[in-house]
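For reference, the structure is listed below as structure tokens.
Here is the naming used below: chain letters follow the sequence lines, and residue numbers restart at 1 for every chain. Just the heavy atoms: all of them, side chains too, but no hydrogens, waters or symmetry mates, feed the values below.
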Protein chains: 4
Amino acid sequence: MSDLDSPVEPRRRDAARTRQLLLDAARRRFIRDGYAATTVRDIADDAGVNVSLINRYFASKEGLFEACLGAAVTDLGNDTDGLSRDEIIARVVARISGRDPLDNAYVMLMRSSGDERIDEMRRAILISHARKLAAAGTPGPHALLRAQIVIAAAFGIATMRSALQPEPITSADPAVLHALLTDLIDAVLPR
Amino acid sequence: MSDLDSPVEPRRRDAARTRQLLLDAARRRFIRDGYAATTVRDIADDAGVNVSLINRYFASKEGLFEACLGAAVTDLGNDTDGLSRDEIIARVVARISGRDPLDNAYVMLMRSSGDERIDEMRRAILISHARKLAAAGTPGPHALLRAQIVIAAAFGIATMRSALQPEPITSADPAVLHALLTDLIDAVLPR
Amino acid sequence: MSDLDSPVEPRRRDAARTRQLLLDAARRRFIRDGYAATTVRDIADDAGVNVSLINRYFASKEGLFEACLGAAVTDLGNDTDGLSRDEIIARVVARISGRDPLDNAYVMLMRSSGDERIDEMRRAILISHARKLAAAGTPGPHALLRAQIVIAAAFGIATMRSALQPEPITSADPAVLHALLTDLIDAVLPR
Amino acid sequence: MSDLDSPVEPRRRDAARTRQLLLDAARRRFIRDGYAATTVRDIADDAGVNVSLINRYFASKEGLFEACLGAAVTDLGNDTDGLSRDEIIARVVARISGRDPLDNAYVMLMRSSGDERIDEMRRAILISHARKLAAAGTPGPHALLRAQIVIAAAFGIATMRSALQPEPITSADPAVLHALLTDLIDAVLPR
DNA sequence: TATGAATGAGAATTCATTCAT
DNA sequence: GATGAATGAATTCTCATTCAT
């Protein structure tokens with residue numbers, strides 16, 4: 001509770017911090033409302049900074065979107081190394097049932113800015129992630145398709161929790177959610 | 001009033017037909033691109049009619065959206081009556097793997113116009129549909145949650161097929177897709 | 001003085017007329033103030049029409065500029081055919097000393113929108129016009145250079161009359177101006 | 001205070017030098033692109049200094065413009081004293097055909113910042129310079145008008161060489177240019 | 001019923017300028 | 001003296017909607 005040289009509040013004119021504030025605010029808006037429904041002013045207001053700093057730091061709204069996408073890709077890349085099937089599944093489940101539904105790589109990955117070049121990137125990232133997931137299960141004729149179904153389901157569940165936010169799924173007990181989702185994935189990804 | 005003349009230029013100035021053309025075009029756009037990213041001009045052009053007819057027939061873009069939602073609700077209402085669990089599951093699966101991904105009640109239901117009143121309607125419709133689905137399975141403590149997970153997964157898979165459209169899931173063999181989805185739902189909805 | 005079914009004022013919702021009003025207003029602004037210093041709102045207000053009609057009819061401010069340039073080129077093209085040297089000179093002189101200094105092809109031709117593609121066009125048009133002028137005089141080693149000097153001088157005089165507008169040159173007696181300008185051109189273009 | 005150290009990184013934090021760098025960069029930009037099309041950032045970058053120094057040294061973009069104008073006036077003032085007609089004409093010709101087209105008092109004088117107060121100054125300077133030129137020739141009824149025509153022509157030729165930059169006029173042989181321009185002025189200013 | 005011209009609000013972006021370091 | 005972060009006003013353009021024909 002001490003405020004001794006508190007690093008909070010005091011620092012202003014901190015470019016890196018401003019950038020991060022914008023990035024965080026943007027991600028939440030893009031995930032909840034989508035690209036087109038989000039205005040740069042919304043984002044700047046949420047971040048508590050001046051609108052034109054978006055252009056200063058990210059060149060354009062589209063640039064900010066791409067930066068958010070980059071962060072999502074980084075998150076998705078966390079299960080790269082040789083993890084076991086169960087470990088990978090655990091990560092996917094964790095992503096779906098995470099405490100902050102507005103920070104979800106799967107939902108971010110499915111949001112489109114309408115730019116075809118970025119859409120192509122998104123498609124490539126998705127395929128790459130699906131391949132990794134497929135490699136975790138037993139190889140089979142439809143391994144990639146199965147992995148995509150898991151990702152799509154994960155995205156759908158995460159979206160429902162972040163966009164429409166109906167109950168009980170939005171505030172469900174993490175343990176229960178975890179168990180159900182593990183069952184779901186187990187059923188689709190061959191052991 | 002005979003039908004002899006011009007089967008070539010068959011119906012012009014046909015209010016009902018114009019309305020339906022707009023409705024169909026709008027649904028496809030809303031499902032693929034979302035509400036905010038869709039312009040009324042896009043819709044009118046797709047339908048091949050004049051833009052201002054949207055306001056004439058639906059009062060506003062929002063009104064058109066609501067009409068599309070109504071159609072989705074009608075579709076969702078088809079599994080109302082006392083169907084068996086397997087029949088209901090079969091319908092859900094059919095909705096996900098349907099041949100026209102741009103005509104999907106689950107995706108439409110998850111699209112938002114940003115209007116809170118309509119969002120509340122959407123939430124209500126979702127809950128109502130989830131209840132129906134829950135009632136099909138064995139009653140249990142988390143029946144509604146399980147049903148929502150199924151719907152959310154269905155929405156996610158359908159969205160991936162209609163929005164990002166990656167392969168192989170987009171052009172997957174219907175039979176294979178059907179089998180995998182049935183497994184998925186079976187795992188979540190208690191028999 | 002009769003106002004019987006006056007074609008003035010009454011017609012509204014006349015696309016062609018609106019387009020022309022914008023074109024005229026834009027030309028005057030571009031010539032007097034230049035491209036960058038002119039706002040689309042200035043133009044629309046001068047024309048007495050809504051700003052967004054500029055985008056409707058000319059796609060963009062740049063498109064409107066290009067259209068103005070096109071009109072200038074048309075004017076410049078009027079001395080195409082086999083006119084005599086004196087006739088061509090008379091036309092150049094008329095352009096400089098014309099009653100409306102804000103409708104001058106030479107000044108318009110020298111205004112830049114900053115777009116390199118259009119700048120290239122302008123350069124080509126200028127060269128082409130200079131060649132025509134050069135062809136009117138006696139052929140010589142510096143015929144094209146001489147023609148360009150004449151055009152540049154014409155542009156300079158017209159600009160001074162339309163932009164800075166100092167006296168006495170701005171309100172000079174047309175006959176006097178005519179005589180002086182003819183002397184000037186005569187001195188540069190070899191007979 | 002010795003100059004022994006660092007001839008490499010010679011002057012930093014030298015106010016006078018920074019001022020001059022900005023002045024030079026600004027003049028070139030204003031002459032080539034005009035006031036409105038030039039951004040203070042362009043100027044600062046060209047000068048290799050920080051943008052906000054423009055406000056520090058010249059109070060505003062407008063102040064910088066005025067300073068550039070002052071420099072042009074100084075140049076123009078060089079033919080003040082009792083020079084002969086031919087000497088004055090030689091100076092005008094030199095100004096037009098000078099090696100650096102982006103350093104031209106006539107062009108600078110014709111550029112507007114849009115500020116009416118400064119425009120009035122420019123008009124006054126022009127008149128004053130025209131009077132001096134008029135005084136060099138034989139007095140006559142249209143002496144001032146003749147002088148303005150010469151200045152306007154000079155401006156036009158200089159502008160063409162600095163803005164649109166078409167060939168052959170831009171890279172013309174100075175001697176040839178000199179001869180042609182002398183002929184031009186001779187024809188307008190009565191001997 | 002349909003068309004397309006016109007409108008006005010709102011969006012992203014640019015840019016001169018100010019402020020803190 | 002210099003830097004670069006931040007601000008706010010202005011600008012172009014888009015888009016849903018209304019109006020006249």
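Residue-level contact check: D:Ser60 touches the backbone only, with heavy atoms under 4.0 Å from sugar-phosphate atoms and none from bases. Using a 4.0 Å heavy-atom criterion, one finds that A:Thr18 contacts the sugar-phosphate atoms exclusively.
For A:Val49 and B:Val40, each mapped to the nucleotide of DNA chain F holding its nearest heavy atom, the one lying further toward the 5' end belongs to A:Val49. Summary of the strand contacts: C:Thr39 and D:Gly48 both lie near DNA chain F, and taking for each the nucleotide with the nearest heavy atom, the more 5' one is attributed to D:Gly48. Comparing C:Val51 and A:Val51, the nucleotide of DNA chain E nearest to each residue sits closer to the 5' end for C:Val51.
Side-chain contact between B:Asn104 and B:Met108: absent, with no pair of heavy atoms (C-beta onward) separated by less than 4.5 Å.
When all heavy atoms of D:Arg19 and D:Tyr57 are compared, the closest pair comes out as NH1-O, 3.7 Å. For the residue pair A:Leu64 and A:Leu22, the shortest heavy atom distance occurs at CD1-O, 4.3 Å. Among all heavy-atom pairs drawn from C:Gly34 and C:Thr38, the shortest one is O-OG1, 2.7 Å.
Of the candidates E:dA12, E:dA2, E:dT17, the closest approach to any side-chain atom of D:Lys61 belongs to E:dT17. The B:Tyr57 side chain lies nearest to E:dT1 when the options are F:dT7, E:dT1, F:dG4. When distances run from any side-chain atom of C:Asn50 to the nucleotides E:dT3, F:dT11, E:dT7, the shortest one goes to E:dT7.
Between the CD1 atom of C:Ile54 and the P atom of E:dG8 there is a distance of 15 Å, rounded to whole Å. In this structure, C:Asn55 atom CG and F:dA16 atom C1' are separated by 16 Å, rounded to whole Å. Following rounding to the nearest Å, A:Leu22 (CG) and F:dA5 (C1') show an atom-to-atom distance of 13 Å. Whole-Å rounding puts the A:Asp45 CG to E:dG10 P distance at 15 Å. When the C1' atom of E:dA12 is taken as reference, atom CG of A:Asp42 falls 13 Å away, rounded to whole Å. Computed from coordinates, the A:Leu21 CG to F:dA6 P distance equals 10 Å when rounded to whole Å. Rounded to a whole Å, the CG atom of D:Leu53 is 6 Å from the P atom of F:dT3. Between the P atom of F:dC13 and the CZ atom of B:Arg41 lies a distance of 17 Å, rounded to the nearest Å.
Side-chain polar atoms of B:Ser112 and B:Asp119 form a donor-acceptor pair below 3.5 angstrom. Of the N and O atoms on the side chains of A:Asp115 and A:Ser113, not one donor lies less than 3.5 Å from an acceptor on the other residue.
A:Arg56 has no side-chain polar atom (N or O) that falls below the 4.0 Å cut-off from OP1 or OP2 of F:dA6. Taking 4.0 angstrom as the limit, C:Arg13 places none of its side-chain polar atoms (N or O) nearer than this to OP1 or OP2 of E:dG4.
Between the side chain of A:Ser52 and the base of F:dG8, at least one donor-acceptor pair of N or O atoms lies under 3.5 Å.
Base pairing of F:dA2 is made with E:dT21, judged by Watson-Crick or G-U wobble geometry with both donor-acceptor distances under 3.5 Å. Across the strands present, E:dA11 finds its partner in F:dT12; the criterion is a Watson-Crick or G-U wobble pair with both atom distances under 3.5 angstrom.
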